[in-house]
Amino acid sequence: MNCRILSFLLFQLSLPFVGFSQSVLLPKMKIPIDATRWYQLNNSSNGLHQLFDGKLKEDIKSGYGSLINHPDSYYPLLPGESMNINTLRMYDWKGVSETPTILYMIDKNWKRVQIATFTGAKYDNWIGPDPAKSTQFELGVITKDAQYLMLRSGDILPTEIEFFGKYTPPTSIKPTVRKPIPLKYYFGINGYEWNFENALVDPLKIDEKKFQLIKGFAGFRHYLDWKKLEEKKGSYTYNPTADGGWNYDAIYERCKSAGIDVLACIKTLPDWLIKTYPENLRNNENVPAPYGTNLLDPKSYIDQSRIGFQFIARYGYNTSIDPILISVNNKPRWDADPINSIKIGMGLIKYIECENERDKWWKGRQAYQTAREYAANLSAFYDGHKTTMGRGVGVKNADKNVQVIMGGVALANTDYLRGMIDWCKEFRGFKKDGSIDVCWDIINYHLYTNDQQLKRGIAPEKNSEGINATKIAKDFIKVAHQYLNDMPVWVTEAGYDINQASPNKAIPIWNKSALQTQADWILRTSLLYARLGIQKVFYYQLEDDKPLSDQIYATSGLMSANSARRPAADYIFQVNQLFGNFRFYKNFNQDPIVDQYLDEKGNSMYTVYIPDEKARIGSFLLNLGKNTNAIIYTPNPGSNQLKSQLVTTNQGKLLITATETPVFVVGK
C-alpha cells in the first residue's frame with residue numbers, strides 16, 4: 001500500500017468520532033450552543049433549551065396557549081464570536097410534520113439563508129439537513145459569515161440539534177458598572193387622573209385630601225387613555241379633556257411642585273381607531289394600528305406617533321417647536337366651559353411610555369404584538385422611524401431629551417426585549433459610536449411574585465415555577481449590559497392583593513394581618529431591586545381596582561376605600577421621608593439580609609431582615625465602627641414616622657434581632 005495513503009488512514013483512525021445510528025461517523029468538532037441565548041417571537045413561557053440538553057427522547061415544550069403556530073426563534077452571535085458550520089444533525093424522535101421546521105443562517109446583511117429542513121419523517125434516528133438525503137449530514141451552503149441562527153418552527157421540532165465545524169468564542173465582556181440610585185426611586189405608584197381630581201366635585205381641580213396621600217411616593221405612573229387626549233381624530237384636548245373633563249395640566253404641575261416624577265403611559269385605543277376592527281374583534285387594548293395594516297411597518301403606527309408628538313410638545317421641555325405643528329380643540333363643550341389653549345414646552349414630563357403590556361396574549365392576536373412588531377411601533381413613536389414619517393411625528397421630534405420607556409412586558413423574560421433589539425439592528429442600524437440605534441431609552445418589565453400551585457403571592461425573595469425575581473432582574477440587567485451599554489431597567493408593576501381568594505394575595509403570617517404582610521413584602525421588593533441594580537420601581541396601584549373582588553390584581557391598592565393609607569403606603573411614606581436619599585452600597589449577609597446604604601455625605605444606614613414568609617426570627621452582629629450609640633428604626637403601621645429606639649453599642653458592635661419586617665439602623 002502507498003505509504004502516504006497508509007499514513008492518512010492511520011491519522012483518520014486516530015481522530016475522535018461521534019457515532020450516528022445510521023453507522024455514519026463525524027469528526028468530534030461540536031460547536032457549543034448557549035441554549036439560554038435562543039429567544040422566540042411568541043408568548044412562550046419556556047425557551048428552546050431542550051433542543052440542546054442531550055435528551056433525545058423528550059418532546060420540546062416551549063409553553064402552552066401559544067398565539068403563533070409557527071414562530072421564529074433567533075440565536076444571536078456575540079461580539080468576537082464566529083461559527084462556520086459544515087455539518088449538523090437533528091434527532092427525529094416521533095411525529096410527522098406537514099409544515100416543516102426550517103433552520104436559517106442570517107449574515108451581517110440580514111440575508112436569510114436556509115441551511116436545514118426537518119419534517120419528522122425518520123422515526124428514532126439522527127438525520128441530516130436535507131430530508132431527501134437524511135443520512136448525509138454535510139451542509140450544502142457556507143455559514144462562515146453567520147451573525148444569527150434562526151429557527152422557524154413547524155408542526156413539530158427535533159428533540160435535539162448538534163452543530164459541527166469551526167468555532168471562535170466571543171470576546172470577554174467588561175463587568176457591569178452600577179449606578180447608585182436614591183432609595184426613593186424604588187417607591188413609585190401606578191394610578192389615574194381620578195386619584196388626583198374628584199369628578200363629583202370638580203375634575204379641573206386637585207383634590208388636596210387625595211393629594212396628601214400621593215405625596216409619599218417619588219414617582220407616579222399615569223395610566224393615560226389615548227381617547228382622553230384625542231377623542232376625535234386630530235382633535236387634541238388636555239385641560240379640560242373632551243372625555244371626562246380632566247385637567248392634566250394641574251396634575252402634572254402639582255406633581256412637579258411636590259418632586260414627584262411622572263411617567264405618562266399612553267395606552268388603549270380611541271373609539272375612532274377601534275372602529276377599524278371587525279365588530280367581533282373590537283377591544284380598546286388592541287394593537288394601536290388600523291385593522292389590516294402591516295404590523296411590521298412603522299408607518300402603520302403614525303396616528304399614535306402623532307399623539308406622542310403633540311403630548312410631549314406640550315408637556316416636554318422644548319420651547320422652540322414650530323407652533324404651526326401644534327393644535328388643540330378650542331371649542332367649549334357647553335356655555336361657559338373652559339377651552340383648551342395651545343401651550344408649548346411646559347417642562348412637566350420627562351418620561352413617556354409607549355403602551356402597556358403589548359405582549360398581552362390573553363387578549364388574542366388582535367391585541368398581541370410580537371417583539372418585532374412592537375419595535376416597529378416604537379420606532380414610529382420614538383422619532384418617526386428616524387424622521388422618515390414627516391413633521392409632527394414621534395416623541396423625540398418634539399423634545400430630544402425626553403426619555404422613552406418601552407411598554408412594560410407582562411411575560412417577564414428577556415425574549416421580547418432581545419427581539420426588539422434585533423429588529424433595531426436590522427432596520428435602524430448603528431450609531432456613530434457603534435451602539436445599536438434602538439428606539440427606547442429605558443427597559444421596562446412587570447413582575448408579580450406569586451405561586452400558581454399555592455394560589456397566592458409569595459415573598460419577593462422566594463421562587464416558584466417560572467418566577468424568580470432575583471434571576472429575572474439579573475437577566476434583564478445582563479441584556480442591558482451586553483447589548484445596550486447598561487441602559488436603565490425599571491419594574492413598573494409589582495404588588496400583592498388583599499382579598500384572600502386572589503391568586504396574588506398577601507397572606508396573614510403568625511400575628512400579622514394580610515395588610516401587614518403586603519407592607520413587608522412591598523418594602524422588601526424595593527430593597528431587593530435596589531440591591532440587584534434595577535433603577536426604578538412602581539407599585540400597582542394607588543387604589544383598589546375592584547374593592548372586595550377576588551379577581552387577580554383587583555385589590556392591590558395601597559390606599560383603602562376611604563382614601564386612607566394602608567400599612568404598605570405607611571411604610572413607603574416613612575422610609576422615603578427619612579432615607580429616600582440613601583443609595584445602596586454593599587450587601588454584607590444573605591440570611592438575614594444585611595445591606596449598607598450611603599447618602600451623599602457618606603453617612604451609613606443599614607437594613608436588616610429575614611427573607612422569608614414563616615415568621616422566622618434571626619439575629620446579626622452589626623459592626624458600626626466607632627459609634628457608641630445607634631438608632632433602630634422600625635416601620636410603624638398607622639403613623640407618619642418610623643418607630644425609633646436609641647440603643648448603646650458594645651464598642652461599636654450591635655446585636656440586631658431580625659424579623660421579616662426590615663429595620664433600619666443608623667450609628668450615632
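Along the sequence shown, residues carry numbers from 1.
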Min side-chain heavy-atom separation [X]-[Y] under 4.5 Å:
X: P76; Y: Y483; answer: yes
X: F309; Y: V393; answer: no
X: L77; Y: Q147; answer: no
X: F220; Y: I189; answer: yes
X: T237; Y: E231; answer: no
X: D202; Y: E197; answer: no
X: E253; Y: L348; answer: yes
X: N581; Y: E600; answer: no

- [ ] Can you sort out the partners of D335 under salt bridge (Lys or Arg N to Asp or Glu O under 4.0 Å), two or more places apart, ordered by chain and number?
- [x]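 D335 satisfies salt bridge (Lys or Arg N to Asp or Glu O under 4.0 Å) with no other residue.
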Counting distance only, does the side-chain N/O of [X] pair as donor-acceptor with the main-chain N or O of [Y] below 3.5 Å?
X: D359; Y: Y416; value: no
X: N247; Y: L204; value: yes
X: K396; Y: K400; value: yes
X: N340; Y: P240; value: yes

Open item on the list: Give me each pair satisfying ring pair (Phe, Tyr, Trp, His ring centres under 6.0 Å) with a member in residues 325-346, each pair once, sequence neighbours excluded.
Closed with: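 The answer is none; no pair qualifies.
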Task: Summary of ring pair (Phe, Tyr, Trp, His ring centres under 6.0 Å) pairs that have at least one residue in residues 230-259, sequence neighbours excluded - done: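 The answer is H222-Y248, H222-Y252, Y238-Y315, Y252-Y315.
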Salt bridge or not for [X] and [Y], using N-O below 4.0 Å?
X: K386; Y: D383; result: no
X: E230; Y: R306; result: no
X: K174; Y: D486; result: no
X: K267; Y: D225; result: yes
X: D415; Y: R418; result: yes
X: D297; Y: K299; result: yes

If I compare all heavy atoms of [X] with all of [Y], which pair ends up nearest, and what's the gap?
X: P182; Y: G580; value: CB-O, 3.5 Å
X: S435; Y: N485; value: CB-ND2, 3.4 Å
X: L273; Y: T276; value: O-OG1, 2.7 Å
X: L281; Y: N286; value: O-ND2, 2.7 Å
X: A530; Y: R178; value: O-NH2, 2.7 Å
X: I349; Y: V262; value: CD1-CG1, 3.5 Å

Open item on the list: Between I260 and F217, does the side chain to side chain contact (heavy atoms under 4.5 Å, CB included) criterion hold? Intermediate values first, please.
Closed with: CA-CA 7 Å; I260 301 172; F217 300 95; 5.7 Å; no
Taking the six-membered ring for Trp and the full ring for Phe, Tyr or His, determine whether the centres of [X] and [Y] are under 6.0 Å apart.
X: Y448; Y: Y553; result: yes
X: Y39; Y: Y74; result: yes
X: F584; Y: Y597; result: yes

How many angstroms lie between [atom1] in [X] and [atom2] in [Y], if you round to the nearest 0.5 Å?
X: R333; Y: I339; atom1: CZ; atom2: CD1; answer: 12.0 Å
X: I442; Y: I352; atom1: CD1; atom2: CD1; answer: 12.0 Å
X: C439; Y: W423; atom1: SG; atom2: CH2; answer: 6.0 Å
X: M487; Y: D441; atom1: CE; atom2: CG; answer: 6.0 Å
X: L527; Y: I522; atom1: CG; atom2: CD1; answer: 12.0 Å

Task: Criterion side-chain contact (heavy atoms from CB on, under 4.5 Å) against R314, the qualifying member of I326, I321, D249 - done: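 Among I326, I321, D249, the one that satisfies the side-chain contact (heavy atoms from CB on, under 4.5 Å) with R314 is D249.
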- [ ] Please determine which of D475, L417, I534 meets the side-chain contact (heavy atoms from CB on, under 4.5 Å) test together with Y445.
- [x]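 Output: one option passes, namely I534.
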TODO: Give the intermediate values and the outcome of side chain to side chain contact (heavy atoms under 4.5 Å, CB included) for residues K536 and D261.
DONE: CA-CA 11 Å; K536 277 198 179 186; D261 285 338; 3.3 Å; yes
Task: Full working for side chain to side chain contact (heavy atoms under 4.5 Å, CB included) between N576 and Q574 - done: CA-CA 6 Å; N576 196 14; Q574 294 161 15; over 6 Å; no
Open item on the list: Does anything in residues 368-379 form a side chain to side chain donor-acceptor pair (under 3.5 Å)? List the pairs, not counting sequence neighbours.
Closed with: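 Checked against side chain to side chain donor-acceptor pair (under 3.5 Å) - neighbours excluded - the pairs reaching residues 368-379 are Y301-Q369, Q304-N377, R358-Q369, R365-E373, Q369-N377, R372-E426, S379-H385, S379-R428.
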Open item on the list: Is the positively charged end of R254 above the ring of F196, judged by distance under 6.0 angstrom from the centroid and angle within 45° of the axis?
Closed with: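 Not satisfied by the 6.0 Å and 45° rule.
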Open item on the list: A quick test of your reading: do over 12 heavy atoms of other residues, nucleotides or ligands sit less than 6.0 Å from NZ of K210?
Closed with: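 Enclosed.
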- [ ] Might you confirm whether atom CZ of F427 has over 12 heavy atoms from other residues, nucleotides or ligands at distances under 6.0 Å?
- [x]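 It does: F427 CZ has more than 12 such atoms within range.
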Does a donor on one side chain and an acceptor on the other come within less than 3.5 Å for [X] and [Y]?
X: Y192; Y: Q541; value: yes
X: T492; Y: N444; value: yes
X: Y585; Y: R583; value: no
X: T268; Y: N284; value: no

- [ ] Walk me through it: do W440 and C424 pass the test side chain to side chain contact (heavy atoms under 4.5 Å, CB included)?
- [x] CA-CA 10 Å; W440 63 94; C424 291; 3.6 Å; yes
Task: Where at least one partner belongs to residues 277-294, residue pairs that pass salt bridge (Lys or Arg N to Asp or Glu O under 4.0 Å), sequence neighbours excluded - done: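 Every pair satisfying salt bridge (Lys or Arg N to Asp or Glu O under 4.0 Å) with a residue in residues 277-294: E285-K363.
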Open item on the list: Run the ring-ring contact (aromatic ring centres under 6.0 Å, His included) test against W110 and tell me which residues pass, sequence neighbours left out.
Closed with: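 Testing W110 for ring-ring contact (aromatic ring centres under 6.0 Å, His included), a comparison that skips the adjacent residues, returns Y148.
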